[in-house]
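Read through the structure below, which is laid out as structure tokens, and then see the notes.
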Amino acid sequence: MLIGTWNVNSINMRKDHVSKFLQEFSVDVLALQETKVKTENFPGLLFKKLGYEIYHHGGKGRNGIALLSKIKAEDTKIGFEGLKDADFFPDAKERILGIKISNEVLKELWIFSVYIPNGGSVNSDYYFYKLQFLWKFRDFLELYFSKDTPLIIMGDFNVAPEDMDVYDPEILKETICCTEREKNAFKALLEFGLFDALRLKYPDKQGIFTWWDYQFFAFQKNQGMRLDHILITHPLIDKLEDIWVEKTPRGWKKPSDHTPLLAKFNF
DNA sequence: ATGCCTAGCTCCGCTAGA
């Protein structure tokens, strides 16, 4: 099974890229973020024609997450449903979406598409909202799952976990997505029992990025950050065959500023 | 290394993204 995650920065602008990508790479489950359309306005027909089930939740002009899956979901979860202070995170429904699927090998596999808030500027109200959102997401996982549940959490976390995940840790020191508090909140999330799949395979490899600024010729100079992640629980570790950033869509005409991250599993 | 892109929304300039 080939799965992937991609912040598309508007599905309406990127639907042809997504369609081309699904076909070229034969992706089984693709998580999308920043669809930027209301739930009911998702341009799904194109993907249905390619054999995908569409799961989407979005708001007006911002946020929005989706899962395009060749396997039909048996159950879904949206936002922080079930948590008693879920109302404190009104946009969570546009940021967290999970589906439960199964096949011959795994009788239960939950896959999530996640879009963690960007955080704006460091120490702003929105920055602290981002930190709380990361902590709350761990509470959410603990409510429904355990470290032994086969679980894939993928998406745009808006956190570069280590210095090696950015093109210049000195320039970016304590800037948004790179602060110690964000890194610690991300680590605390992993302590639920999640593993950063890319670092399982490539623990020390430098210069692996999933996002490049539209400005400054950042992509041409490979001045990016690794903000998109595929996190897995331990039952899936020995089933992970490979994981890689697929850079080609970032070079297509009118690209998203993010590029897909793909993972191949032997189930 | 902060707005030099980009997208959406609301009206042709603003906010947000990261």
Can you check the [X] [atom1] to [N] [atom2] distance for me, whole Å?
X	N	atom1	atom2	result
F216(A)	dC4(B)	CZ	P	9 Å
F217(A)	dA1(B)	CZ	P	15 Å
R62(A)	dG8(B)	CZ	C1'	10 Å

Would you indicate which nucleotide in [options] comes nearest to any side-chain atom of [X]?
X	options	answer
M13(A)	dG17(B), dG8(B), dC5(B)	dG8(B)
K36(A)	dG17(B), dC5(B), dG8(B)	dG8(B)
Y167(A)	dA1(B), dC9(B), dC5(B)	dA1(B)
K60(A)	dT2(B), dC5(B), dC9(B)	dC9(B)

**Item:** DNA chain B: 5'-proximal contact among T175(A) and T35(A) (nearest heavy atom)
**Value:** T175(A)
**Request:** Give a yes or no on whether a donor-acceptor pair under 3.5 Å exists between the nucleobase atoms of dA16(B), that is its base, and the side chain of E34(A).
**Result:** no
Would you tell me if any nitrogen or oxygen in the side chain of [X] comes within less than 4.0 Å of OP1 or OP2 on [N]?
X	N	result
K254(A)	dA7(B)	yes
S10(A)	dT6(B)	no
Y126(A)	dG17(B)	yes

**Prompt:** Between K183(A) and D163(A), does at least one N-O distance fall below 4.0 Å, as a salt bridge requires?
**Reply:** yes
**Request:** Could you give the distance separating dT15(B) and dC4(B) at their P atoms, to the nearest angstrom?
**Result:** 14 Å
**Message:** Distance check, P atoms only: dC11(B) and dT6(B), in whole angstrom units.
**Reply:** 25 Å
**Request:** Tell me yes or no: between the side chains of D28(A) and Y52(A), is some donor less than 3.5 Å from an acceptor?
**Result:** no
**Prompt:** Do S256(A) and H17(A) have a side chain donor and acceptor closer than 3.5 Å?
**Reply:** no
**Complete:** L200(A) meets the side-chain contact (heavy atoms from CB on, under 4.5 Å) criterion, sequence neighbours left out, with F195(A), I232(A), I237(A), L240(A)
Could you check whether [X] gets within reach of a base, just the sugar-phosphate, or nothing at all, counting any heavy atom under 4.0 Å?
X	value
L227(A)	sugar-phosphate
Q223(A)	base
D156(A)	sugar-phosphate
N63(A)	nothing
F209(A)	nothing

**Item:** Main-chain N/O of L131(A) paired with R181(A) side-chain donor or acceptor, under 3.5 Å
**Value:** no
